[in-house]
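Following: one structure in C-alpha cells, then a few remarks.
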Amino acid sequence: MTAKIAYDDVEVGTELPPQTFPVTRATLVRYAGASGDFNPIHWNERFAKEVGLPDVIAHGMFTMAEAIRVVTDWTGDPAAVVEYGVRFTKPVVVPDDDKGALIEVSAKVAAKLDDNTVRVDLLATSAGQKVLGMSRAVVRLA
C-alpha cells in the first residue's frame with residue numbers, strides 16, 4: 001500500500017478529518033486480552049480508586065493507538081507513518097455505564113519535511129481534558 005494523499009497537495013495547516021472514538025469497559029477488557037496488559041487499574045474500579053485514580057482508566061497505549069487512526073485513515077496506509085510519539089498527560093477515565101468515555105482527536109499538518117514527509121500534530125482530548133501531549137507523527141505521502 002502507499003499513501004493516497006500526495007505531498008504536493010498538502011500545505012502546512014491542512015486539517016485532517018477529526019474523529020471520536022468511544023471507549024467502554026468492554027473495550028478495555030478486549031484490549032487487555034490482546035495486549036497482555038492486565039493491570040487492574042484498567043478493569044477493577046475498586047483497585048483503581050485504592051491507588052488514587054478517579055476510576056478505571058484506559059491503557060495509555062490504547063489511547064495512543066486510537067489517536068493515530070486519524071492519520072492512518074487520512075493517508076489510507078498505516079505503513080505511511082514512519083515516526084510517532086506522545087506524552088501521556090491525563091488518563092482517559094472510563095465509567096462503568098453504557099456510554100463509557102470518548103476520545104476526541106483532531107490533527108493538522110504542522111510542517112512539510114524532506115523526502116515527501118510531513119509532520120502531523122495531533123490533539124487528543126477526553127472529557128474536555130488533553131490526554132496526550134506532544135503527539136506528533138511523521139508521515140510519508142505519495
Side-chain angles (χ1 to χ4, degrees), residues 1-45 47-49 51-142:
M1 292 177 66
T2 58
K4 65 181 180 182
I5 305 295
Y7 179 83
D8 292 335
D9 293 340
V10 174
E11 299 296 330
V12 171
T14 298
E15 294 185 10
L16 284 60
Q19 294 188 50
T20 300
F21 304 100
V23 186
T24 65
R25 296 277 178 96
T27 308
L28 299 182
V29 169
R30 286 193 299 276
Y31 182 82
S35 70
D37 181 351
F38 295 101
N39 187 324
I41 64 172
H42 303 303
W43 57 270
N44 184 315
E45 185 174 333
F47 184 87
K49 288 181 177 181
V51 298
L53 294 168
D55 207 332
V56 165
I57 63 170
H59 304 71
M61 296 302 286
F62 172 82
T63 303
M64 186 178 177
E66 290 290 79
I68 197 66
R69 288 176 55 192
V70 168
V71 176
T72 60
D73 288 354
W74 176 66
T75 64
D77 180 9
V81 177
V82 295
E83 290 179 33
Y84 178 44
V86 306
R87 289 195 177 146
F88 302 107
T89 56
K90 298 276 185 189
V92 175
V93 178
V94 183
D96 187 16
D97 60 20
D98 293 336
K99 295 178 184 177
L102 297 175
I103 301 170
E104 298 171 305
V105 183
S106 60
K108 68 179 177 178
V109 174
K112 291 186 83 167
L113 309 171
D114 297 329
D115 197 24
N116 280 17
T117 60
V118 297
R119 189 185 88 218
V120 176
D121 290 354
L122 296 93
L123 174 63
T125 63
S126 183
Q129 295 196 64
K130 188 174 178 181
V131 295
L132 298 177
M134 299 294 291
S135 184
R136 297 179 173 170
V138 175
V139 183
R140 181 164 288 111
L141 301 178

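This structure is a prediction, so every number in the text was calculated from the model and none was measured. Note that these values count all heavy atoms, side chains included, but never hydrogens, waters or copies made by symmetry.
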Straight-line distance of E66 CD to E104 CD, nearest 0.5 Å: 13.0 Å
Under 3.5 Å: donor-acceptor pair, side chain of K112, backbone of D8: no
Nearest non-hydrogen partners of A101 and P95, listed with the distance: N-CD, 4.3 Å
ring-ring contact (aromatic ring centres under 6.0 Å, His included) partner of F62, chosen from F21, Y31, F88: Y31
Nearest heavy-atom neighbours spanning K130 and K90: O-CG, 3.3 Å
Of D55, L53, L28, the residue whose pairing with I41 passes side chain to side chain contact (heavy atoms under 4.5 Å, CB included): L53
Donor-acceptor contact present, side-chain H42 to main-chain A32, <3.5 Å: no
A111 to V12 - nearest heavy-atom pair and separation: CA-CG2, 3.9 Å
Considering all heavy atoms, the nearest P54-V93 contact: CG-CG2, 3.6 Å
Rounded distance (nearest 0.5 Å) linking atom CG of L102 with atom OG1 of T24: 11.0 Å
Rounded distance (nearest 0.5 Å) linking atom CG of D77 with atom CD1 of I5: 11.5 Å
Set of residues satisfying side-chain contact (heavy atoms from CB on, under 4.5 Å) with respect to L16, sequence neighbours excluded: V70, V71, W74, A107, V109, V120
Closest heavy-atom pair and its distance - I68, A137: CD1-CB, 3.8 Å
Gap between atom CD1 of I103 and atom OG1 of T63 - 0.5 Å precision: 4.0 Å
NE2-CG distance between H59 and N39, expressed to the nearest 0.5 angstrom: 7.5 Å
Inter-residue atom distance R119.CZ - E83.CD, 0.5 Å rounding: 11.0 Å
Test item: T89 side-chain N/O and V131 main-chain N/O as donor-acceptor pair under 3.5 Å: yes
K108 NZ: over 12 foreign heavy atoms closer than 6.0 Å: no
Closest heavy-atom pair and its distance - D73, Q19: OD2-NE2, 3.0 Å
Audit row: V105, L122, side-chain contact (heavy atoms from CB on, under 4.5 Å) steps and yes/no: CA-CA 7 Å; V105 183; L122 296 93; 4.1 Å; yes
